[in-house]
Protein chains: 2
Amino acid sequence: MANKKRTTIKDIANALDISAAAVSKALHDDPRISKNTKEAVRRIAKELNYQPNHLATALRKGKSNLVGVIVPRTNSNFFSSVLESMEEILNKAGYNIIITQSNESFEKECQNIDTLLYTQVDGIIASMANETVDLSYYEKIKSKGIPLILFDRGENDLNVDYVGINDYKSSLMIVKHLVEQGCKRIAHIGGYRRTRIFNNRIRGYIDAIKKYNLPFEDSLITESSLTLLDGRKKMMDLLNLEKRPDAVYVAGDYAALGALQVLNENMINVPNDIRLVGFGNEPFTSLVTPTITSIEQHSKDIGRLAAETFLERVAQAELKQTLNKIILDAELIIRDSSKTN
Amino acid sequence: MANKKRTTIKDIANALDISAAAVSKALHDDPRISKNTKEAVRRIAKELNYQPNHLATALRKGKSNLVGVIVPRTNSNFFSSVLESMEEILNKAGYNIIITQSNESFEKECQNIDTLLYTQVDGIIASMANETVDLSYYEKIKSKGIPLILFDRGENDLNVDYVGINDYKSSLMIVKHLVEQGCKRIAHIGGYRRTRIFNNRIRGYIDAIKKYNLPFEDSLITESSLTLLDGRKKMMDLLNLEKRPDAVYVAGDYAALGALQVLNENMINVPNDIRLVGFGNEPFTSLVTPTITSIEQHSKDIGRLAAETFLERVAQAELKQTLNKIILDAELIIRDSSKTN
DNA sequence: TATATTTGCTTAAACGTTTAAGCAAAAGTA
DNA sequence: TACTTTTGCTTAAACGTTTAAGCAAATATA
């Protein structure tokens, strides 16, 4: 027997024979309401199990206190961890978050944007799907005048706030490390160049290769979606080369895992025959044999900074402040797959 | 230069010199509005880039078309996959979902419930945190009169709809498989009994052990949080036993992975010396060496069924229908870790 | 032609809040 | 005492929709 009708501010007002406005003010601790009334209101509110109706508040105030978040998937440790720290910061500031997944699909991403705008979120924090090249939906967010913050997978052309790591520099770190281990022929299994972060990783790889005077050959560098299967396929291609590489830098951990499988299956010793480095520091990198060297992206920091950037934006809505581009340094976590014994 | 003011139904009304009510009806294809007017309204709506305000609609209708979902974490494949299929079904029915994570914390779970209720969701679909024993917050949902559906981690006492797999039977399958492989001394690293699903797995294990007349000893059965570290610790304990088991059934894949690490480190051959079975069919089970036998929980089906159960509930809100308890059969995926060579 | 029905709208209230404006009573000040 | 200020409320409008009720004109029916 749930009491069908939710209790409203008016019910409290009737119970105390005062106006609804007085109740509202009492609940918000307005100085012009007497202590007595406030206490009475709070008592009755508890008694009737009053819960404010967010929809009414949001409608009246023109502010929903909701932030929409779009991620490609939640099942990677990186995104789930970003979400966690993001939520923590935003909750503290009185915001709640709505998480949506694009599943790396452009269409789904557009749907998500529509859903979020329809839900009247006060802002959107997003990491773009791999597929996304058409930015008109993101322009739509901007044209609504609500803050848009991108993280990890961003896009310079959009001219919005961005939080991510220094992918270019990460590639330099990786190649440097491999060179120090004695590698002379380093291959790169990369993501698609059209995605900025993967392009930066490729650029970093190429520049580092040149810097150390290592062979730079087309056959040593490929693009893919970086799934596990892609990693397997690209690794097989590399093994079929006349001159095999002695190290492979894979721009994603799942693809690195696929590559490792192929190497293991072919009895090629990692790291002695071929050294391997991944990217993203997914938990499994420290669980497989051998453990995989990878790049830690400081997901907690990224989540926190993205949230804080959003909060800054709403605080200074009027001021046309300059864009925030926050680029964090990543960290190379050296494990067995790249270590010289 | 974003046009600060969003266009409303009134703007369209003014532009056409008709009433707001007519516009609303035109947009909803009311038969009492002329074709001409409808076309004009749609034209102007597009021209002014009109987007309906969900808050107003929801407030007026007393229905938000939002469904809240609470999961322990999103970063397991199981939950992320449940969410995906759930969302698909609900979107088709005109609902959007708000995902929240409890991080296995009771406190966070309560916060999430409050947030969702405050956001005026039309229902909540949840999988409970490991910690949760106090059900008062869930009672709160019920008392609001909105549907509550539990999945995976449920609780019988609550008397609400539930979707999950047959954990008891899964244990029977696992033990049967191990017996068929020739195992005579099977240990169980389980979850905490207070969580129903883990209790069922333990019951299944015990009943199966008895059925096959295998030794049932206290030292062979333990409870834990089933983290990777728990798995390591419990496996070490088992190795220190005077009479080691020849098979270990672990109630979670992460813990099974921990156990596998310990076995590998101690040069104990899996499956020849000790056979190993996990639970959950996380992707990494097929990626490690040896691949781990596990239980597939049909996450897509669980998500779909939970969503459909919710939709049934709202459709038949008035009818006091009987409870839905949907128990799916799981599937044993046999891999190298339990196979007789 | 007179009446009934249908068409195509309008008016006004409602959903549950917040808030600007205002007003009477109480308290303070000269 | 006569005023100003403060206190503690109330009234009413607003946020953007939806919808019941109603009304005039057009159309159908007898």
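Place B:Ile33 and A:Pro52 on DNA chain C by their nearest nucleotides, and B:Ile33 ends up nearer the 5' end. Along DNA chain D, the nucleotide closest to B:Ala21 and the one closest to A:Lys38 are compared, and the more 5′ of them pairs with A:Lys38. The residue among B:Leu59 and B:Ala20 whose nearest nucleotide of DNA chain C is located toward the 5' end is B:Ala20.
For the pair B:His28 and D:dT18, the criterion of a side-chain N or O lying under 4.0 Å from OP1 or OP2 is met. Side-chain nitrogen and oxygen atoms of B:Thr37 include at least one within less than 4.0 Å of the OP1 or OP2 phosphate oxygen of C:dC9. B:Ser24 has a side-chain polar atom (N or O) that falls below the 4.0 Å cut-off from OP1 or OP2 of D:dT18.
The CZ-P distance, from B:Arg32 to C:dC9, rounds to 11 Å in whole Å. Here C:dT11 presents its P atom at 10 Å from CG of B:Asp17, a figure rounded to the nearest Å. When rounded to the nearest whole Å, the span between CD1 of A:Ile18 and C1' of D:dT11 equals 14 Å. Residue A:Leu16 contributes atom CG, which lies 15 Å from atom C1' of D:dT10 at whole-angstrom precision. Rounded to whole angstrom, the span from the NE2 atom of A:His54 across to the C1' atom of C:dT18 amounts to 14 Å. A:Leu27 places its CG atom 9 Å from the P atom of C:dT17, with the value rounded to the nearest Å. Taking atom CG of residue B:Leu55 and atom P of nucleotide D:dT17, one finds them 10 Å apart after rounding to whole Å.
Crowding of A:Glu139 atom CD: a count of heavy atoms from other residues, nucleotides or ligands under 6.0 Å exceeding 12. For A:Lys10, the NZ atom sits in a loose shell: 12 or fewer heavy atoms of surrounding residues, nucleotides or ligands are nearer than 6.0 Å.
Out of C:dG8, C:dT18, C:dT17, the shortest distance to the side chain of A:Tyr50 is found at C:dT17. In this structure, of D:dC9, D:dT18, D:dT10, it is D:dT18 that holds the atom nearest to the side chain of B:Arg60.
Between A:His54 and B:Tyr118, the ring-plane angle classifies as tilted under the 30° and 60° cut-offs.
Contact annotation: side chain of B:Lys25 to base of D:dT17, donor-acceptor pair absent below 3.5 Å. For D:dT19, the base has no donor-acceptor partner in the side chain of B:Lys61 [N/O atoms by modelled type, under 3.5 angstrom].
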